[in-house]
Structures are given as structure tokens and as C-alpha cells.
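Throughout, a chain's letter reflects where its sequence line sits, starting with A, and its residues are numbered from 1.
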2 protein chains.
Amino acid sequence: MKINTKHARESARDYALRVLKENILSLDLVPGSAISENELAAQLGISRTPVREAIIELSKAYLIETYPQRGSFISLIDPKMVGEARFLRRITDTAVIETACDEADEEGIRQLEENVTLQEFYLSKGITDKIFDLDNQFHKAIYDIAGKDIIYEIHSTLMLHFDRVRTLSVETVKDFKVVGDHRKMLEAIKARDKVTAVELVNKHLNRYQIDEKEIRSQRPEYFKAEGGNRGEES
Amino acid sequence: MKINTKHARESARDYALRVLKENILSLDLVPGSAISENELAAQLGISRTPVREAIIELSKAYLIETYPQRGSFISLIDPKMVGEARFLRRITDTAVIETACDEADEEGIRQLEENVTLQEFYLSKGITDKIFDLDNQFHKAIYDIAGKDIIYEIHSTLMLHFDRVRTLSVETVKDFKVVGDHRKMLEAIKARDKVTAVELVNKHLNRYQIDEKEIRSQRPEYFKAEGGNRGEES
DNA sequence: AGTAGTGTACTTGTATACTAGAATATCTTT
DNA sequence: AAAGATATTCTAGTATACAAGTACACTACT
């Protein structure tokens with residue numbers, strides 16, 4: 001588990017939450033592994049209370065499973081959860097990009113331009129680390145343009161189910177067609193072409209679905225059994 | 001504030017969370033009013049810790065606003081929040097009812113039938129208290145049929161922004177056309193008629209938008225200033 | 001050797017103590 | 001009387017103590 005330092009005005013709870021999210025996303029916290037409130041508190045140099053509060057929040061998003069008096073565990077990648085997250089992302093992204101086509105002003109488009117330019121720059125240089133963050137920022141910018149920033153934030157934790165798979169996708173597939181997708185989306189928004197924009201979003205999200213099958217065969221131990229007895233253990 | 005008794009195997013945290021949600025929904029906790037962790041803990045007969053954990057969860061959903069060392073307050077009804085919640089509900093409900101048209105089996109339809117029959121029964125008897133719960137159960141049943149139960153649960157707390165307005169709607173408008181909407185939705189699902197189903201959902205949700213303006217004029221003190229300086233206070 | 005039983009070392013859930021800061025009332029000073 | 005300083009009393013944030021239950025290893029007995 002990788003532990004970054006605590007920011008200046010960051011509360012202990014936000015610190016614990018940030019570290020946990022980062023490590024779940026990067027899979028440094030391996031799906032299925034146990035996490036101890038006491039141990040994590042010691043590692044972060046804070047007390048159990050804020051650590052516990054962070055764990056509770058992630059439990060609400062099904063990223064951690066807590067069993068009273070037994071322990072807390074990083075959730076396995078659950079195809080049903082990933083599927084629901086993708087479903088939700090698909091319908092929300094498409095509706096939001098339609099709104100963005102209507103609402104986009106010069107400033108919004110400039111921000112998207114800057115972002116995509118950077119993605120293309122880093123891709124050409126082979127610095128792929130940055131693209132993941134830029135990808136998220138690109139989508140957040142579209143939500144901001146559409147005036148749906150709360151929805152983005154509410155969904156962001158849930159989308160970690162999805163983003164975790166993307167992390168593996170980047171590791172294994174090394175496919176950056178997504179940057180081209182973003183360029184095309186931007187052009188569609190500039191042209192206020194809703195039909196094309198929605199098509200692009202759907203195509204964009206289909207990429208990850210294809211990846212998932214490949215990843216699953218490579219790392220079966222990270223995944224929950226498909227269609228198996230959900231939540232039950234012997 | 002109305003305080004129901006604690007259930008048998010319910011944790012202190014879940015108890016606090018349930019009581020808070022019930023009172024926010026019913027507006028017995030008035031928008032803008034202060035809530036004290038200590039006071040609430042005393043009223044519920046539990047300690048501050050689980051109360052605090054419940055408050056944190058509701059803060060994450062913007063139903064409570066917490067200012068460190070100053071206090072926590074029930075959020076005013078924020079037109080932007082309600083708007084985003086309605087937007088999210090509209091796109092999610094429409095996508096889910098389409099899926100439900102495809103996936104509905106006999107058992108699912110039977111459950112919807114039972115629910116709508118009860119709604120019609122209570123409406124004819126004038127027992128309108130029950131209809132609110134049945135309404136929610138009806139929509140949850142559609143999500144279950146579509147295999148999107150996690151999405152329903154994730155959104156349920158956020159939808160309190162919306163449901164709060166519905167509470168006022170029931171109080172002031174006394175309009176139960178919604179029961180007829182539900183009957184028609186059920187028939188559309190039985191006929192697997194996606195186009196009609198989606199139309200009905202949109203029409204259904206439009207009702208609340210109309211109500212909101214009327215309510216706002218009656219209870220302006222519950223609402224945040226529209227388009228005003230968001231989040232700022234003098 | 002095998003098995004029942006017990007103790008120990010964990011876990012999370014809850015309660016309480018302490019810290020730091022904000023708001024307000026009161027007292028002092030001008 | 002008015003204004004400024006100060007003490008008190010709130011608040012939430014964090015740390016720690018205690019309670020209850022699980023899992024497992026070890027012991028003792030058959």
C-alpha cells in the first residue's frame with residue numbers, strides 16, 4: 001500500500017479517504033485483501049476514528065465490505081457492480097453530453113481543448129501516467145459545462161468500480177484509442193452535434209467492456225464469480 | 001422531531017440514520033435548522049459516535065451541512081440540487097423502465113400489480129398516508145426487475161432532495177394523479193411498450209416540477225435563493 | 001491420534017475524554 | 001453609555017477506552 005503525505009489543511013478523515021481511494025484504484029490494495037482500522041490508523045499516523053469514518057463511506061459504495069467483529073475487506077471486482085456502474089455511466093454521460101452541446105460556452109470549450117491537447121501531447125511522448133487523470137478531468141469538465149457537477153461528484157466514488165478495471169486495462173492492454181475518442185467528442189460538442197456526441201460516448205464506453213473480458217482471464221483472482229451465489233459465503 | 005424506537009438488531013448508527021432520514025423527509029426537521037450531535041445522541045439514547053457517523057453520511061449527500069466548530073444544519077431546499085436530482089431520476093428511470101420492459105417476468109409483473117392495486121385501494125378510501133411508501137416501492141420494484149437494485153439504493157439518499165418536495169406536494173396540492181400514472185406504467189410494461197413507458201415516466205416526473213413552483217411561493221423560508229450566491233452566508 | 005474445550009489475540013461497534021476553534025454574554029474600562 | 005477585552009459555553013474533530021464477538025491456536029483429556 002502506497003501512502004502519500006497528508007496535505008496541509010486536509011482533515012484526518014479526508015486524508016484517510018484519499019489514501020484508501022488511491023490505493024483501491026491502483027490496486028495496491030488487492031481485491032479481497034483485509035484492511036485493519038488499527039493498522040491503517042498507525043500507518044497514517046492518525047487515530048481509528050477518522051480511519052473508520054473513511055471505511056464506512058467506502059462501504060456505502062460497496063468498495064469495502066465490513067463484517068462486524070470479523071474485519072473489513074477490499075471488495076472483489078463484482079461483474080454485477082461494474083455492470084451497474086457502466087450502465088449508470090452510459091446513460092448519465094449521454095444525457096449530460098447532450099446538455100453540454102446546448103450549454104457549452106467559449107470558456108468551457110477552451111478548457112476541453114486544453115485538456116485534449118495535453119492528452120495528445122503526453123500520448124505522443126509516451127507518458128501515459130498522466131492520461132488517466134486527464135481522462136477523468138475531461139469528463140468532469142463536460143459535467144461542469146452541463147451544470148451537473150453534483151451528479152459527477154455523487155457518482156465519482158461509485159465509478160471506482162469501473163475505474164479499477166480501467167487501471168488493469170491500462171496495465172494490460174496499453175491501448176490509448178480513448179484519446180482519439182475525446183478529440184472527436186470535443187469536435188462534436190463544438191459542432192453542437194448531439195447525435196454524434198452520444199454515439200461517441202457509447203462507442204467510448206464499449207471499449208472498456210471488451211477489455212474487461214480479457215482482464216478477467218488474466219486476473220481471475222481479482223474477480224467475484226460471475227452469476228455465482230452473490231454475497232453468500234460458507 | 002419525531003423519534004421512533006430502535007429496532008431489535010439495528011445498529012446504533014443505522015438507527016440514527018433512519019431517524020434523521022425520516023425527519024428530513026417529513027420536514028419535522030425544518031430546512032435550515034441546527035442539529036447538535038450531543039443533543040441528538042441524548043434523545044436517541046446512544047453516544048455521539050454513531051450519531052456523528054450518520055450525520056457524515058447525510059453531509060455527503062448534501063442533506064446536512066456541517067461547519068467545523070460551528071454546527072450542523074439541515075440543508076435548505078436547493079433548486080439546483082433538486083434539479084440535478086430530478087435530472088438524474090428522469091434519465092435513470094427512463095433507461096431502467098426500458099430495461100424492465102425487456103426483462104419483466106411473471107413474478108415481477110405480479111408484484112407491480114399488487115402494488116398498484118393497493119395504491120388504488122387506499123386512494124379510494126382516502127388513506128393517502130400509505131401511497132407515498134407504495135409509490136417508492138413501485139419504483140424500486142421496477143429497478144429490481146431491471147436488475148439495477150444497486151443504482152436504486154445509491155440514489156435513494158440523494159432522492160430525498162426530491163422526496164422532500166414531494167412531501168410538501170402531498171401536504172399542499174393533494175393531487176393523486178400519480179396513482180393513475182402508475183397503473184398506466186404497469187400496463188406499458190406488460191405490453192412491453194418501451195415508447196409509451198418512457199413517455200409516462202417523463203409525464204410523471206413533470207408533475208413534481210409544476211408543484212415545486214407552487215410550494216416555493218407558499219414556503220419560501222424552506223428554500224435557498226434561486227441563482228443566488230450558492231453556499232455563501234454573511 | 002483425535003477431539004473437545006479453553007484461552008488468547010485479533011476484529012469492529014460504541015462510549016467517553018480531550019482539543020481547538022467559534023460565538024456569545026459579561027465584565028471592565030474609557 | 002459605549003466599546004473593547006475576557007470568560008464561558010457552545011460546536012465538531014480527534015484520540016482513547018471499553019464492550020462484544022470471531023477465529024484460531026493450544027491444551028488437556030479420552
_Test log, rule side-chain contact (heavy atoms from CB on, under 4.5 Å), inputs B/V96 and B/I151_ = CA-CA 10 Å; B/V96 165; B/I151 290 176; 5.6 Å; no

_Evaluate B/Y15 against B/H7 for side-chain contact (heavy atoms from CB on, under 4.5 Å), listing each step before the verdict._
CA-CA 8 Å; B/Y15 175 44; B/H7 294 163; over 6 Å; no

_From CA spacing to verdict: side-chain contact (heavy atoms from CB on, under 4.5 Å), B/Q119, B/V178_ = CA-CA 10 Å; B/Q119 287 188 46; B/V178 292; 5.5 Å; no

_Derivation of the side-chain contact (heavy atoms from CB on, under 4.5 Å) call for A/H155 and A/R89_ = CA-CA 8 Å; A/H155 284 175; A/R89 172 140 183 195; over 6 Å; no

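Of all the heavy atoms in A/Y152 and A/N136, the pair that sits closest is OH-O, 3.3 Å.
Between B/D135 and B/H182, the side chains place a donor N or O and an acceptor N or O closer than 3.5 Å (distance only, hydrogens not considered). Side-chain contact annotation: B/S26 with B/D28, donor-acceptor N/O pair under 3.5 Å present. Side-chain contact of B/R18 with B/N23: a donor-acceptor pair under 3.5 Å is absent, judged by distance alone.
Comparing B/G71 and A/K6, the nucleotide of DNA chain D nearest to each residue sits closer to the 5' end for B/G71. Toward the 5' end of DNA chain D, the nearer of the two residues B/I35 and B/T49, judged by each one's closest nucleotide, is B/I35.
An angle of 30°, rounded to 10°, separates the two end axes of the helix from C/dA1-D/dT30 to C/dT30-D/dA1, each defined over five pairs.
Reading DNA chain D from its 5' end, the first and the last nucleotide to sit under 4.0 Å from a heavy atom of chain B are D/dT11 to D/dT14. Protein chain A contacts DNA chain C over a range whose 5' and 3' limits, counting nucleotides with an atom under 4.0 angstrom from a non-hydrogen atom, are C/dT11 to C/dT14.
Looking at B/K140 and B/D144, a side-chain N of the basic residue comes within less than 4.0 Å of a carboxylate O on the acidic one, giving a salt bridge.
A/I56 comes within 4.0 angstrom of nothing in the nucleic acid, heavy atoms only. B/I55 comes within 4.0 angstrom of nothing in the nucleic acid, heavy atoms only.
Using a 30° and 60° split on the angle between ring planes, B/F73 and B/Y67 fall in the tilted class, from 30° to 60°.
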